[in-house]
Structure formats: structure tokens, C-alpha cells
**Student:** 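Here's a structure for you.
Note that these values count all heavy atoms, side chains included, but never hydrogens, waters or copies made by symmetry. Numbers restart at 1 for each chain; the letters A, B, ... are given by sequence-line order, proteins then strands.
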Amino acid sequence: VDRKVVFNNTRLPYLLLAPQLAITMVFFFWPAGQAMFMSVLQQDPFGARVVFVGLENFKAILADPDYLASMWRTAYFSLAVTVLAMVPALLLAVMADRAVRWATAYKTTLVVPYAIAPAVAGVLWLFMFNPAVGVLSWAMRTAGFEWNPTLDGTHAMTLVILASAWKQIAYNFLFFLAGLQSIPRSLLEAASIDGASESRKFWSVVFPLLSPTTFFLLVVNIVYAFFDTFGVIHAVTGGGPAKATEILVYKVYYDGVHALDLGSSSAQSVILMAIVIGLTIVQFRFIERRVHY
Amino acid sequence: MERNGATDWLPHAILWLGIVIVAFPIYLAFVASTLTPQEIAQAPMSMLPGATWSRTTEMRCCAAACSGCRRR
């Protein structure tokens with residue numbers, strides 16, 4: 001007797017999936033398709049004339065030194081944000097996991113920045129580091145360091161990196177803490193009985209078991225640095241000074257909305273989409289293999 | 001798990017340091033909300049809340065209420 005259970009209704013599963021599929025279609029595939037369509041067109045700033053130009057927009061971008069500079073800027077910006085958001089979060093999560101007294105108070109306080117919008121996070125940091133009224137820029141000036149993110153590109157970049165990483169620490173902390181709490185206590189006890197030191201326990205037991213969480217956060221943080229930091233940059237520097245903080249997503253916005261070069265802006269957004277899809281595939285194909293589940 | 005008293009304070013010290021870094025911008029925004037623009041502009045501004053919190057809030061509320069009056 002075949003006892004396999006078969007769900008006979010073929011229409012219901014599609015019906016149940018329909019809302020999610022509709023959302024994905026309307027808010028992802030449609031705009032993405034529109035961007036791809038626009039990227040092969042060229043139009044005048046008033047939208048009166050549209051000409052099909054094939055891949056000319058892409059050729060123009062990839063030959064543009066400004067675009068290539070923005071690409072490198074994005075690479076080190078996202079690397080810096082990811083490292084600065086993940087390493088302190090892991091350290092704090094390990095400590096919060098170890099602390100017994102006041103553990104809840106620590107956790108609650110550290111999670112607060114998660115509730116702050118990127119643009120507001122940017123404004124908070126701008127307020128501290130504003131060359132005229134900022135408390136910390138005053139402290140640096142007193143210490144003899146001439147700090148001015150409105151004139152110096154490196155200072156501006158440092159500021160947006162710190163603000164973006166600061167906002168993401170809370171999110172990473174939350175996930176690392178959940179990951180740490182799901183590590184079986186028996187393994188840690190066994191390691192203790194074997195006489196392992198704290199750091200040995202961390203690198204040989206905790207860190208490998210935490211790798212799925214770390215991997216997940218790596219993907220999320222890189223995507224965050226590529227896209228969601230727009231609000232921070234827009235609020236703090238507006239891409240300046242002299243384009244020093246103009247990462248790819250900000251350039252897409254500026255070239256499309258302010259410079260009104262819609263063809264180039266669309267081509268850039270298509271390239272940006274390809275980069276992020278490519279990065280995600282690389283992460284899943286090659287890094288995931290080294291991850292223990 | 002074993003407990004050795006010597007390193008027991010270390011997690012707390014690191015967590016406090018983390019809290020100071022994470023909460024400082026938010027604390028500063030709160031303090032600034034209790035100061036007058038003049039007090040903020042004289043760098044460095046006070047690190048402790050000032051007396052104008054209620055007044056600032058009152059002004060905001062009044063402004064909102066008045067704009068409502070005018071519209072009506």
C-alpha cells in the first residue's frame with residue numbers, strides 16, 4: 001500500500017504565494033526591468049526626446065574616471081563599514097553573553113541604535129563632529145588636530161564610515177548574541193574540563209559554531225553598506241567635499257535626480273545591481289562552503 | 001562553568017566602554033534638546049542637561065497649536 005501523502009489541490013499553493021509574488025513583481029522586477037530598459041536609452045533633461053543608444057551608456061560610464069574612482073571608494077567604504085560594524089558587535093556580544101549581572105540592562109542599552117533611522121544617525125554624528133559646534137571636534141582641536149570634514153575628504157569619509165558602522169553595531173550585536181546563546185553549553189563545559197583557556201575556547205569552539213551567523217551578517221552588512229548608507233551620506237556630506245564620499249548608490253541618485261542624466265543613472269544602477277548579485281553569489285558559493293551548519 | 005575572580009570585571013568594563021560609545025551620540029542629542037541655540041553654539045556645549053527642555057517643548061507645542069489656529 002502506498003502511504004505517501006499527496007496534496008491534491010494544485011491551485012491553492014499558487015494562490016497562497018500570490019501576495020508575496022505580487023510584491024516582488026511590483027517592487028523589484030518592475031523597477032529593475034524599467035532601469036534596464038532606460039539604461040539603453042538616452043534622453044534630454046526635459047524628457048522630450050528619447051533615443052535608443054544600445055550599450056553606449058555603459059561604455060561611457062566604464063570609461064569615466066569619476067565612475068571608477070567611485071567604485072574604489074565604495075569598495076573600501078563597504079569593507080570598512082562591515083569590519084567596524086561586525087568586530088565590535090562580536091566582542092560586545094561575547095562579553096554580554098559572559099556577564100551574568102545586569103545582562104538585560106546591557107543588552108537593552110546596546111540595542112537602542114537599531115531603532116534610529118540612517119539619516120538621523122548621520123545627523124547625530126554630524127552634530128558631534130561639526131567643525132563649529134561639535135563637541136568632539138572641539139576636543140580634537142584642543143588636542144591640536146585640525147579636524148574639518150567639510151573641507152577634508154578623508155575626514156568626511158571617516159565620519160560617514162563611523163556613523164554607518166555605529167548604526168549597524170546594534171543589529172549585529174543582536175544576531176551575534178542570539179547565535180552565542182544557541183551554542184550548546186555542554187561543548188563549552190567539555191572544553192573547560194579539557195583545560196582550554198578562554199581564548200582557546202572562543203577560537204576552537206565558539207567561533208566555528210558561530211560561523212553561520214557570521215556569514216549571514218557578512219552578506220547583510222555588505223548590502224547595507226552598498227545601499228542603506230545612502231541616508232547617512234545624504235545627511236552628513238551630500239557626497240562631498242569634492243565627491244570624496246560619493247559611493248556608487250549616491251552617484252546613481254546624483255546623476256539621475258540632480259544631473260538629470262537618466263540613461264547614465266540607469267546604466268549605473270544596473271551595474272550596481274549586477275555587483276551586489278555577483279557579491280552575494282560569490283559569498284554563497286565560496287564562503288558558505290567553509291561554514292559549519 | 002569556572003569562575004575566576006581576577007577576570008570577572010573585564011566583561012563589565014568592555015560592556016561599559018561599548019555602552020559609552022553606542023549611547024553617547026544619543027545622550028548628546030538629548031542634552032542639546034535642553035539647551036538654547038546660544039548655549040549650543042558656544043563650543044564646547046554643556047555636557048549636562050540645561051533648563052530649557054520644558055520651554056523648548058512648550059514652544060514647539062504652541063507653534064503647532066497656533067498654526068492650527070490660523071488655519072481654522
**Student:** So which heavy atom on A:L124 is nearest to which on B:A29, and how close?
**Tutor:** CD2-CB, 3.3 Å
**Student:** For the side chain of A:W166 and the backbone of B:V22, is there at least one donor-acceptor N/O pair under 3.5 Å apart?
**Tutor:** yes
**Student:** With sequence neighbours excluded, tell me which residues meet side chain to side chain contact (heavy atoms under 4.5 Å, CB included) with A:T280.
**Tutor:**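 Per chain and number, A:T280 pairs via side chain to side chain contact (heavy atoms under 4.5 Å, CB included) with A:V219, A:V276, A:F284.
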**Student:** Can you confirm whether A:I116 sits close enough to B:I26 that some side-chain heavy atom of one is under 4.5 Å from a side-chain heavy atom of the other?
**Tutor:**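 Answer yes - side chains close enough.
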**Student:** Angle class for the A:Y106/B:W16 ring planes (parallel below 30°, perpendicular above 60°, tilted otherwise)?
**Tutor:** perpendicular
**Student:** For a 4.5 angstrom cut-off between non-hydrogen side-chain atoms, does A:T109 reach B:L15?
**Tutor:**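 A:T109 vs B:L15: side chains apart.
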**Student:** Sequence neighbours left out, what passes ring-ring contact (aromatic ring centres under 6.0 Å, His included) with A:Y224? Give chain and number order.
**Tutor:** none
**Student:** Roughly how far, to the nearest 0.5 Å, is the CD1 atom of B:I21 from the CD1 atom of A:I169?
**Tutor:** 7.5 Å
**Student:** What part of A:I193 lies closer than 4.5 angstrom to a heavy atom of chain B: side chain, backbone, both or neither?
**Tutor:** neither
**Student:** Tell me if the OH atom of A:Y114 is crowded by more than 12 foreign heavy atoms within 6.0 Å.
**Tutor:**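 Counting neighbours around OH of A:Y114, 12 or fewer heavy atoms of other residues, nucleotides or ligands fall under 6.0 Å, so no.
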**Student:** Give me the atom names and distance for the closest heavy-atom approach of B:P11 to A:M95.
**Tutor:**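 Closest approach of B:P11 to A:M95, heavy atoms only: CA-SD, 3.6 Å.
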